[in-house]
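The structure displayed is predicted, hence computed values, not measured ones. Per chain, numbering begins at 1; letters A, B, ... match sequence-line order.
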Amino acid sequence: MLDPKELKRTLNLPRTDFPMKASLPQREPQILKKWKEMNLYKRIREQRKGRPRFILHDGPPYANGRIHLGHALNKILKDFVVKSYSMMGYDAPYLPGWDCHGLPIEIKVENQIGRLEDKIKFRRECKKYAERFVKLQRDEFIRLGVFGEWENPYLTMDPGYEAEIIRHIKGFFQRGEVYRAKKPVYWCPHCKTALAEAEIEYHEHKSPSVYVKFPLLEPEKLSPSLRDKKVFVVIWTTTPWTLPANLAIALHPDYDYGVFRNGEEYYILARLLAPMLEEELGASFELVHKFEGRELEGFKAKHPFLNRESLVVLADYVTLEQGTGCVHTAPGHGEEDYQTGLKYGLEILSPVDDEGRFTGEVEFLQGKTVWEANPLVLEVLREKGMLLAQGEITHSYPHCWRCKGPVIFRATPQWFISMDKAGLRDKALREIKKVRWIPSWGEERIYNMIENRPDWCISRQRSWGVPIPVFYCKNCGEPLVKPEVMDRVAEVFEREGSDSWFLHPPEYFIPEGIKCEKCGSSQFVKENDIVDVWFESGTSHAVLKHREDHRWPADVYLEGNDQYRGWFHSSLLVGLANEGESPYRVVITHGWVLDEQGRAMSKSMGNVIEPGEIIKDYGAEILRLWVAFLDYTEDVKLGQNILQRLTEAYRKMRNTWRFMLGNLRDFIPQEHTVKEEELLPSDRFILTRFRTLAGRVKELYRNYQYYKIAHLFYDFFTVDLSSFYLDIVKDRLYCSAPGALERRAAQTAIFEMARDSMRLLAPILSFTAEEAWEHLPEFPGKSPSVHLEVFPPQLPSLLTEEEEKEWDVLMKYRDLANKALDQARKEGFIGNSLEASLLFYAPAEEKRVLEKYSPYFLELFIVSAWRIEEGEERVEVERAPGKKCERCWVYHPEVGKDPQHPNLCPRCIAVVKELI
RNA sequence: GGGCCUAUAGCUCAGUCGGUUAGAGCGCACGCCUGAUAAGCGUGAGGCCGGUGGUUCAAGUCCACCUAGGCCCA
């Protein structure tokens with residue numbers, strides 16, 4: 001008789017080196033090292049050579065700062081796309097890019113080393129800065145397990161890329177879509193430079209606060225009673241110096257206005273604001289006429305001190321918080337004023353120079369700064385009797401971040417791409433309809449933007465970027481806009497980079513013999529402005545043509561939903577204008593990363609989580625799993641609670657793989673695989689479920705629906721495998737003779753599911769699938785990395801429809817049995833379910849099914865005995881007859897009858913005899 | 001202020017054309033097992049479907065408004 005220790009040695013218990021504890025933060029770097037050493041990305045590409053291409057074109061992140069969760073979400077999603085299409089059999093390259101030029105880097109560099117007059121030196125510092133962060137971010141992306149051409153990314157500051165930008169600009173010029181016009185920008189009169197929004201600080205500032213009268217012309221058109229009366233539109237302003245540039249007065253179309261009599265004079269202002277002015281004047285008005293703002297549109301008023309008219313216009317931004325509801329409008333001195341000016345076709349007047357001094361356009365102020373001009377303007381107003389009230393106000397006012405002085409809004413010449421001159425807008429709107437937008441509402445969102453956007457201002461008064469390739473006549477100032485000159489510029493940039501613009505004289509770029517078309521001079525100066533960085537990144541589609549193994553257009557662009565206004569937008573306009581069609585076929589967007597309460601992460605809220613922390617504490621795989629479980633088309637949440645759930649989910653999947661591997665320890669696929677017709681019913685059942693799942697998963701990958709894959713697989717691992725199949729086949733796996741058919745049958749099923757689930761999950765659980773793959777039994781054609789595999793082909797169902805229905809019945813009785821067993825357990829009647837015998841009552845048809853499968857009830861219900869009776873469906877629990885077999889723990893009447901093995905059941909006696 | 005989007009259990013997600021008592025997994029509680037063991041199995045309790053109105057015989061689902069949140073503009 002064998003003692004329990006010896007008996008245990010006759011069992012086939014699972015064994016594997018695949019550890020239960022993942023230790024992801026330590027293990028992942030080792031896996032990354034393996035991938036690097038085996039040159040995995042290159043090998044995948046070589047293996048797919050000649051296959052149809054699938055191109056995901058990377059939107060370049062900005063080369064500034066460490067990556068945040070938004071970057072991680074984006075890059076991991078892209079990795080899912082690329083890896084899954086690669087495993088579908090496509091040649092799917094991933095060429096990462098970086099956006100390197102632009103203001104944020106200029107600002108950082110300026111903060112570090114101060115402002116350099118020497119542009120070349122300054123640009124070199126910017127370049128160094130960008131290079132540093134490209135490297136940093138690259139390493140962080142690699143750490144996430146993202147595969148790609150990391151040694152050879154595209155950078156918007158590469159000479160070749162810069163040349164391509166020039167060629168694209170040339171295209172716009174050639175088609176006559178570019179024009180030059182004035183637009184107001186923030187301007188620092190002290191630093192004599194344009195400022196971007198990001199370079200503005202707001203401080204308290206004391207300004208004049210004045211009410212000014214504009215005599216209304218033809219007031220009788222508003223109301224006959226006003227004929228020959230002195231009617232004035234009253235405006236309020238804190239910048240009297242902009243009054244010389246006044247060209248309009250804006251009213252809100254829907255607000256209630258009134259004509260108020262004050263002695264001999266009549267004032268037009270918003271009714272709600274009249275009391276404020278009455279108080280200011282210490283007067284009491286009489287309301288003589290009521291009207292809505294829109295009624296005054298098109299009226300004209302006399303300028304208070306210049307020989308000019310001012311047009312009454314309508315604008316939605318007019319508020320009733322302050323002033324009179326009649327807004328002084330100077331299109332050359334304010335953003336909103338400018339927009340209104342464009343709408344009404346007004347001149348963009350800005351009679352102020354670089355230093356903030358008035359030009360000769362306003363004689364009495366010529367040479368005065370705008371600050372000196374304020375009192376002078378008030379004086380003139382007073383003289384002309386147009387100053388209604390005057391005071392002072394302290395308010396928040398924009399200041400220069402460098403010199404801390406107050407800034408002004410000043411119109412300067414800029415370059416624009418016209419949306420309509422060559423039909424760019426209409427073409428774009430047509431192309432939008434041909435693209436597949438995921439989610440579908442993206443189409444409407446970008447459509448509305450393109451439909452309503454103004455012309456594109458592509459010039460910037462900065463240093464760190466690509467110059468606009470035009471020159472100006474030294475003699476008469478006429479711009480020199482010539483394709484052949486731009487071609488030369490592109491050639492030079494291709495060789496020397498855009499620094500060359502600042503190194504060489506104009507002659508270096510201008511072919512001999514070119515003269516100013518206006519005055520014939522051959523002396524030129526270079527343009528100082530650079531191109532908007534959105535134009536640069538919008539040019540990125542060009543790399544698809546230049547890189548040998550890519551293709552134009554791209555199949556997929558995939559970015560955060562802020563990029564409808566950003567990269568999708570600029571790429572469409574730039575790509576379409578130059579190539580005639582959209583550079584992408586499918587556009588996928590993901591949402592924003594929020595904290596666990598659904599609020600945006602921000603430093604000030606203190607709720608920011610860094611990807612680095614998660615990698616350090618949990619591992620990149622958990623981050624990948626997070627991305628996989630989310631419906632990324634909406635905003636996504638992350639916090640400690642969610643990470644905890646994910647970690648548990650990860651452990652469950654890892655353990656399921658571990659258990660499968662443990663039971664395959666002696667399985668040699670090419671020798672032991674059992675033919676499908678010899679599999680047991682439960683094997684055929686689980687394989688059919690798995691194969692159906694595999695088919696759905698492949699379809700879901702094709703449609704980028706990763707969270708459905710994650711849920712399906714997770715449910716399959718927990719419900720179908722862990723708590724059902726893998727639980728019920730333990731008896732077969734452990735207790736049968738190692739080479740017994742029923743044991744090899746279970747191993748056959750487990751092997752297929754382990755192997756193919758690793759393949760199918762490799763794009764998501766890239767690290768763990770790889771690790772598990774290493775522990776999977778060798779088989780002919782097994783790749784050294786799971787990422788070199790392809791998704792499994794579709795395998796057939798192993799159940800007839802009839803059998804599917806029978807399984808529904810079996811599962812129903814399994815539920816009933818579990819409830820009955822639980823009840824018995826609670827009553828202390830049994831502990832382990834093998835102590836039980838089940839008594840099934842079933843209607844005739846179901847009784848037939850139960851009887852058919854009853855040879856397998858030991859495994860299906862994990863009980864030692866059973867009886868089946870006809871009756872109303874229910875399950876009762878009895879004590880199993882016989883004694884417990886010490887080897888398999890099953891109760892059997894024969895236990896004790898064999899004198900040689902009194903502690904074993906007949907099955908185990910047979911196995912033990914075979915083994916000894 | 002405008003464009004687009006979101007809201008179902010503690011978490012992640014289902015919920016068809018409007019149609020019985022709104023589902024799953026996890027987590028949680030309780031129990032079992034000790035041959036997947038820092039594991040495994042079973043049972044159970046959790047929901048004003050963001051709110052208010054409306055359409056309808058019938059609303060998580062359709063409509064309007066509101067609240068909270070997100071992205072992009074102004």
Side-chain angles (χ1 to χ4, degrees), chain A residues 4 7-9 11-16 18 20-21 70 252 315-319 335-336 339 439 441-449 451-454 560-566 569 589-601 625-626 628-631 633-649 651-652 654-663 707-708 710-719 722-724 726-728 730-731 733-735 814-815 817-828 830-835 862 887-889:
Chain A
L7 282 174
K8 193 160 171 172
R9 252 183 271 124
L11 293 170
N12 316 296
L13 296 180
R15 199 162 64 225
T16 175
F18 182 73
M20 176 177 282
K21 194 164 161 13
H252 196 288
D316 290 337
Y317 54 78
V318 173
T319 69
E335 178 63 29
E336 288 173 332
Q339 295 297 342
W441 48 255
E443 176 173 337
E444 199 182 340
R445 185 163 171 181
I446 194 166
Y447 192 95
N448 289 345
M449 282 180 187
E451 194 176 32
N452 296 315
R453 67 156 296 153
N561 59 28
D562 55 332
Q563 297 300 330
Y564 289 110
R565 170 61 68 176
H569 193 117
T589 58
H590 57 76
W592 226 240
V593 181
L594 310 176
D595 71 10
E596 224 151 13
Q597 278 70 45
R599 279 185 301 251
M601 290 189 182
L625 201 58
W626 169 66
F629 263 107
L630 299 164
D631 180 357
T633 60
E634 295 171 13
D635 291 339
V636 296
K637 293 192 265 186
L638 186 62
Q640 291 307 321
N641 180 33
I642 293 169
L643 283 167
Q644 203 51 47
R645 292 291 82 73
L646 288 165
T647 307
E648 280 156 9
R651 274 209 293 265
K652 185 74 184 188
R654 184 180 177 92
N655 259 334
T656 306
W657 266 340
R658 182 177 124 93
F659 185 64
M660 290 198 272
L661 292 173
N663 282 298
Y707 76 94
K708 293 192 176 173
H711 275 272
L712 275 177
F713 253 115
Y714 186 50
D715 282 359
F716 185 79
F717 270 42
T718 53
V719 180
S722 186
S723 68
F724 177 63
L726 294 177
D727 198 35
I728 67 169
K730 282 175 192 166
D731 178 80
L733 288 166
Y734 297 173
C735 305
R814 205 175 118 87
D815 279 347
N818 277 337
K819 284 186 177 53
L821 288 166
D822 192 61
Q823 186 59 33
R825 226 176 258 130
K826 289 220 159 83
E827 288 162 8
I830 55 161
N832 190 324
S833 60
L834 285 170
E835 294 163 28
I862 319 185
R887 184 167 176 277
C888 70
W889 299 346

Taking [X] for the side chain and [Y] for the main chain, is one N or O donor matched with an acceptor at less than 3.5 Å?
| X | Y | result |
| --- | --- | --- |
| A/Glu596 | A/Asn641 | yes |
| A/His590 | A/Gly560 | yes |
| A/Arg15 | A/Gly662 | no |
| A/Trp889 | A/Glu835 | no |
| A/Ser723 | A/Thr718 | yes |
| A/Thr16 | A/Arg658 | no |

Worksheet item: 5'-most contact on RNA chain B: A/Glu648 or A/Asp562, nearest heavy atom basis?
Response: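 Taking each residue's closest nucleotide, the earlier one in sequence belongs to A/Glu648.
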
Worksheet item: Relative to the 5' end of RNA chain B, which residue comes earlier, A/Arg599 or A/Tyr707, by the nucleotide with the nearest heavy atom?
Response: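 Its nearest nucleotide lies further toward 5', so the answer is A/Tyr707.
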
Discussion item. Check A/Asp727 with A/Lys730, please: is the shortest side-chain N to carboxylate O separation under 4.0 Å?
Written reply: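 A/Asp727 and A/Lys730: salt-bridged.
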
Discussion item. Once ring pair (Phe, Tyr, Trp, His ring centres under 6.0 Å) is applied, do any residues pair with A/Tyr734, and if so which ones, sequence neighbours excluded?
Written reply: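 Counting only residues at least two positions away or on another chain, A/Tyr734 forms no ring pair (Phe, Tyr, Trp, His ring centres under 6.0 Å).
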
Going by purine N1 to pyrimidine N3 plus the second Watson-Crick contact, or the G-U wobble pair, all under 3.5 Å, which nucleotide sits opposite [N]?
| N | value |
| --- | --- |
| B/C71 | B/G3 |
| B/G46 | none |
| B/C26 | B/G10 |
| B/U20 | none |
| B/A36 | none |
| B/C41 | B/G31 |
| B/C62 | B/G54 |

To the nearest angstrom, how far is [X] atom [atom1] from [N] atom [atom2]?
| X | N | atom1 | atom2 | result |
| --- | --- | --- | --- | --- |
| A/Glu451 | B/C4 | CD | C1' | 14 Å |
| A/Phe716 | B/G25 | CZ | P | 15 Å |
| A/Gln597 | B/G70 | CD | P | 12 Å |
| A/Arg565 | B/G3 | CZ | P | 14 Å |
| A/Leu594 | B/G70 | CG | C1' | 6 Å |
| A/Arg453 | B/C73 | CZ | C1' | 12 Å |
| A/Met449 | B/A74 | CE | C1' | 12 Å |
| A/Glu444 | B/C4 | CD | P | 5 Å |

Worksheet entry | Any side-chain donor near an acceptor of the partner, A/Gln644 and A/Gln640, under 3.5 Å |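 No, no side-chain donor-acceptor contact under 3.5 Å.
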
Worksheet item: Under 4.0 Å between a side-chain N/O of A/Trp441 and OP1 or OP2 of B/C4, yes or no?
Response: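 It does not, given that no N or O in the side chain of A/Trp441 lies less than 4.0 Å from OP1 or OP2 of B/C4.
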
What nucleic acid atoms does [X] come within less than 4.0 Å of, heavy atoms only: base, sugar-phosphate, or nothing?
| X | result |
| --- | --- |
| A/Ala649 | nothing |
| A/Tyr714 | sugar-phosphate |
| A/Asp631 | sugar-phosphate |
| A/Tyr564 | nothing |
| A/Gly662 | nothing |
| A/Leu630 | sugar-phosphate |

Item to complete: From the options B/A74, B/U6, B/C71, select the nucleotide whose nearest atom is closest to the side chain of A/Glu336.
Response: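 Out of B/A74, B/U6, B/C71, the nucleotide with an atom closest to A/Glu336's side chain is B/A74.
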
Taking the same atom, [atom1], in [N] and in [M], what whole-Å distance lies between them?
| N | M | atom1 | value |
| --- | --- | --- | --- |
| B/G25 | B/G44 | C1' | 16 Å |
| B/G60 | B/U20 | C1' | 15 Å |
| B/G47 | B/U8 | P | 15 Å |
| B/U43 | B/U56 | P | 46 Å |
| B/A14 | B/G1 | P | 33 Å |
| B/C11 | B/C5 | C1' | 22 Å |
| B/U61 | B/U55 | P | 15 Å |
| B/C66 | B/A29 | C1' | 39 Å |

Worksheet entry | Torsion-based syn/anti label for B/G40, 90° from 0 as limit |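 For B/G40, whose glycosidic angle is more than 90° from 0, the conformation is anti.
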
Worksheet item: With a 4.5 Å heavy-atom cut-off, do A/Phe629 and A/His711 have their side chains touching?
Response: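 When only atoms from C-beta onward are counted, A/His711 and A/Phe629 do touch, with a gap below 4.5 Å.
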
Item to complete: Classify the side chain of A/Arg445 versus the base of B/C71 as yes if they form a donor-acceptor pair under 3.5 Å and no if they do not.
Response: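 Indeed, a donor on one side and an acceptor on the other fall under 3.5 Å apart.
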
Fill in: Footprint string (nucleotides 30-42 of chain B, 5' to 3'): B base within contact, S backbone only, - free, heavy atoms under 4.0 Å
--SSSBBS-SSSB

